[in-house]
Undergrad: 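Here it is, the structure in full.
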Amino acid sequence: MNFEELPAILGGTPVRTRPFVVEPMIDENEERLVLAAIREKNFSRYIGSHSPDLEASLRLRSVEAVAIDADWHFLGGPNVRAFGAEFAAYFDVPFAVPVSSATIGLSIALGAAGIAPGDEVILPAISFSATASAILLFNAIPVFVDVDPFNFCLDPAAVEVAITPATKAILPVHLLGNLADMDALLDIAKRYGLMVIEDAAQAPGALWRNAKAGTLGHAGVFSFQQSKNIMTGEGGMIVTRDVEIARRARLILNHGEVAFDDSASAQDLANIIGLNARLPELSAALGRAQLAKLDKVNDWRTRNADILRDELANLPGLAPAPSQRAEDGPARDVPHVFAALFDAITMGISRDRFVAALRAEGVPVGTGYPRTLYENPTFMKQIAYGSGGCPWTSDFYRGKVTYAPGMCPVAENLLRERFIWFYHIAYASTAEDMGDIGRAVRKIAAARHALADAPEAVFAEYAGHSQGRVGVTQPRARSR
Ligand SMILES: Cc1ncc(COP(=O)(O)O)c(C=O)c1O
């Protein structure tokens, strides 16, 4: 083995010392819209009170809400309402309701759909923690089921098995920009009378039979947090075709209790418990400019993903995850993070060693979420509200749910042994960057026997599941 081929983790020269740059795609539009809001001293134009026209405005389509002739309004100021209208137009839905994050957006969508204490909501075992915690906000019970081994989203067969008399909703997550099998899930929902709330945080613009992910169920939710395809720092959007869901979402997010007078019914007041989940005007201004370049950003990630797919072809023990775009099926994914699947037996070394060696080459990669959602202590111990086990122990919940390792073997296997996630397909990574990643991966795969023989201590510095996260770790320079 010559010096170039020696892995950096064993003292060789790293493939890459320059950090990868992942950042929002910004141009003069962001500056123009944000600056205008600042000059207008417009940070929030929400005003909350009961008014005679409130009920009518709660039902306005997003495009109509823009035309409201008032500087201050329950539905927000000019940028918030314009962002909603522009989002609704892009996603081809009547209602798009801006919120302060996807986490609270998911909760609000569930609350607006009438989810009540003790209702079971079925979701995949793999997602960001927010998908599960959003369900707890209204004291509903998350029921985790296994994922499809090819698209990593809800396995419809597992969903059907998990349905009980307490089930009220299905919450598919379009993970990594892939689409869950919406034909099968919508069919199940119809047969059992269930609501479908889509978590499309990672898939804005992905298509299922020409409809955009997030617009197929009763409601869908998007995230604008800094790692997402649209970035406003923090923020989110609820989309729906259902006027009642839109109306109730607008009330829940705007501490809607102030909007009712004494005639309010129990039905009106349910789940409207005093939240402020508004998106600020400045974030909405950013979001409008970001939305306008969503196609460009998605194309950027797709182009990089396609290059990386070629770079990682024909390796022993590591294969790019299947691409929905390449198949002749109903789904057209938009890559959010690029996943590859590792096989330790064929590679001849553990995933931990492979990943550590790759990081030492200057290529930050992750291994997915640290565990399945149900393996998080909140669920294993069933403790959320107070320390007495609410909502699982509440009288409202008549069912019985268990959370235990081994429950979802496909999800556990993907997270414990198989996933390697490449975050750097995002803007502003280049084709050259993809080439460096490919070279590093091939170098480490070629050196696998040397790495198998190396002492464990060598790998410690680069261990951990999250070192590939955007913005968390830049490659550390080796000191030798
Ligand atoms: C699948 C998924 N759902 C929900 C969220 C929560 O989004 P937010 O950070 O906007 O609350 C995220 C990301 O952060 C996510 O990736």
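Indexing begins at 1, ligand by ligand and atom by atom, following the structure's order.
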Undergrad: Should the ring pair Phe224 and Phe83 be called parallel, tilted or perpendicular, given that the plane angle runs from 0 to 90° and is split at 30 and 60?
TA: tilted

Undergrad: Take a 6.0 Å sphere around CZ of Phe396 and say whether it holds more than 12 heavy atoms from other residues, nucleotides or ligands.
TA: no

Undergrad: Could you label the plane-to-plane angle of the Phe128 and Tyr369 rings as parallel, tilted or perpendicular, counting under 30° as parallel and over 60° as perpendicular?
TA: tilted

Undergrad: How would you list, by chain and number, the residues with a heavy atom under 4.0 angstrom from ligand 1?
TA: Ser101, Ala102, Thr103, Ser127, Phe128, Ala130, Thr131, Val173, Asp199, Ala201, Gln202, Ser223, Gln225, Lys228, Gly235

Undergrad: For Phe152, give me all partners under ring pair (Phe, Tyr, Trp, His ring centres under 6.0 Å), at least two apart in sequence or on another chain.
TA: Phe419

Undergrad: Among Asp146, Val410, Leu415, whose side-chain contact (heavy atoms from CB on, under 4.5 Å) with Ile126 holds?
TA: Leu415

Undergrad: Relative to each other, are the rings of Tyr403 and Trp392 parallel, tilted or perpendicular (30° and 60° limits)?
TA: perpendicular

